[in-house]
Amino acid sequence: MSLFKQYWELFLVFFKIGAFTFGGGYAMIPLIRNEVVRKRTWLDDDEFMDMLAIAQSMPGPIALNTALFVGNKKLGFKGSLFSGLGVILPSFVVILLIAMIFVQFKDNPVVERIFKGIRPAVVALIAAPLLMLGKSAKINWKNGWIPVSVALLVWLLGVSPIYIVLGAIVLGILHLVYVKKRLKR
């Protein structure tokens, strides 16, 4: 396949994902995984999970970060430009159209009901990938308390996710030191 076709393929894959996913970046994750891991085998499942963890910790939208990582892995810097443009362009066009048209219909009761009806679907579109990611991250009954605790700390106590990430880094380093000391014995 020529280099141009590879760039075009990257663009189209992410354009399709960006155009047909509602609910934001987390709703796109299963589609991205399906395309890049299962259909095209650009990444294996472990690489995808590692890349997703990094994409979540970086500033910016997770779908864009993921697209940039995949594009870079596949075709370097130019690949990340094509994949990034592909995932952004549909949202940009839709938001531009909505901004031009919505002003005329924003107080329409039918439009308000449509948006109220979409909300539960968006929640489901976000919940489904979270469950899938939990399975891929090997979350089970023994370690399931960790994401539940984190969610409760953020939600109920208002703890900043930054402190949780920093705490997890410190705990991970301490655990590594402890395991290394035990292995030396």
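Sequential numbering from 1 along the given sequence is applied to the chain's residues. Only heavy atoms go into these numbers, but all of them, side chains included; no hydrogens, no water, no symmetry mates.
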Practice task
Begin with the C-alpha distance, continue with both residues' side-chain angles, and end with the deciding distance and a verdict on side-chain contact (heavy atoms from CB on, under 4.5 Å) for E9 and R40.
Solution key: CA-CA 10 Å; E9 180 184 28; R40 302 182 194 290; 3.2 Å; yes
Problem - Hydrophobic cluster identity match, I139 and F48, side-chain contacts under 4.5 Å - result: no
Practice task
Can you measure from CG (L171) to CD1 (I146) and round to the nearest 0.5 angstrom?
Solution key: 9.5 Å
Handout entry: Within one Ile-Leu-Val-Met-Phe-Trp-Tyr cluster: I32 and W8, side-chain cutoff 4.5 Å
Key = yes
Problem - Interatomic distance, F15 atom CZ to S83 atom OG [nearest 0.5 angstrom] - result: 14.0 Å
Practice task
Dump the intermediate steps for salt bridge (charged side-chain N to carboxylate O under 4.0 Å, His left out) on D45 and R33, then the final yes or no.
Solution key: CA-CA 8 Å; D45 215 26; R33 183 178 182 210; 2.7 Å; yes
Handout entry: Same apolar cluster: F11 and L3, side chain cutoff 4.5 Å
Key = yes
Exercise for the section: Look at the side chain of S80 and the backbone N and O of L68, then say whether any donor-acceptor pair between them is shorter than 3.5 Å. Expected result: no
Problem - Verdict with reasoning, T66 to I29, per side-chain contact (heavy atoms from CB on, under 4.5 Å) - result: CA-CA 8 Å; T66 306; I29 292 169; 5.5 Å; no
Exercise for the section: For atom CG of L97, decide whether the heavy atoms of other residues, nucleotides or ligands shown that lie under 6.0 angstrom number more than 12. Expected result: yes
Exercise for the section: Determine whether R113 and P109 make a side-chain contact, defined as any pair of heavy atoms from C-beta on separated by less than 4.5 Å. Expected result: yes
Exercise for the section: Please confirm whether the backbone N or O of D44 pairs with a side-chain atom of E47, one donor and one acceptor, at under 3.5 Å? Expected result: yes
Handout entry: Distance (rounded to the nearest 0.5 Å) between K181 NZ and L176 CG
Key = 11.5 Å
Handout entry: Single-linkage hydrophobic cluster, 4.5 Å side-chain cutoff, I95 and L89 together
Key = no
Exercise for the section: Determine yes or no for a side-chain-to-main-chain donor-acceptor pair under 3.5 angstrom, with T41 supplying the side chain and V37 the backbone. Expected result: no
Fill in the blank from the handout: Rounded to the nearest 0.5 angstrom, the CD1-CG distance for I17 and L12 is 11.0 Å
Practice task
Supply the atom-to-atom distance W42 CH2 to K73 NZ, rounded to the nearest 0.5 angstrom.
Solution key: 13.0 Å
Practice task
Compare all side-chain heavy atoms of L64 with those of I88 and state whether any distance is below 4.5 angstrom.
Solution key: yes
Exercise for the section: Using a 4.5 Å cut-off on heavy atoms from C-beta on, say whether the side chain of L75 contacts that of F82. Expected result: no
Practice task
Any chance you could lay out the side-chain contact (heavy atoms from CB on, under 4.5 Å) test for M28 and V87, step after step, and finish with the verdict?
Solution key: CA-CA 10 Å; M28 290 181 184; V87 81; 4.1 Å; yes
Practice task
Go through the steps for F14 and V70 under the test side-chain contact (heavy atoms from CB on, under 4.5 Å), then give the verdict.
Solution key: CA-CA 10 Å; F14 283 98; V70 172; 3.8 Å; yes
Practice task
Establish whether V123 and V154 are linked, either directly or via other cluster members, by ILVMFWY side-chain heavy-atom contacts under 4.5 Å.
Solution key: no
Practice task
Mark yes or no for whether N140, through its side chain, and N143, through its backbone, hold a donor-acceptor pair below 3.5 Å.
Solution key: yes
Handout entry: Contact summary for S91 and G18, nearest pair of heavy atoms
Key = OG-O, 4.5 Å
Practice task
Drop me the distance from L85's CG to F92's CZ, to the nearest 0.5 angstrom.
Solution key: 10.5 Å
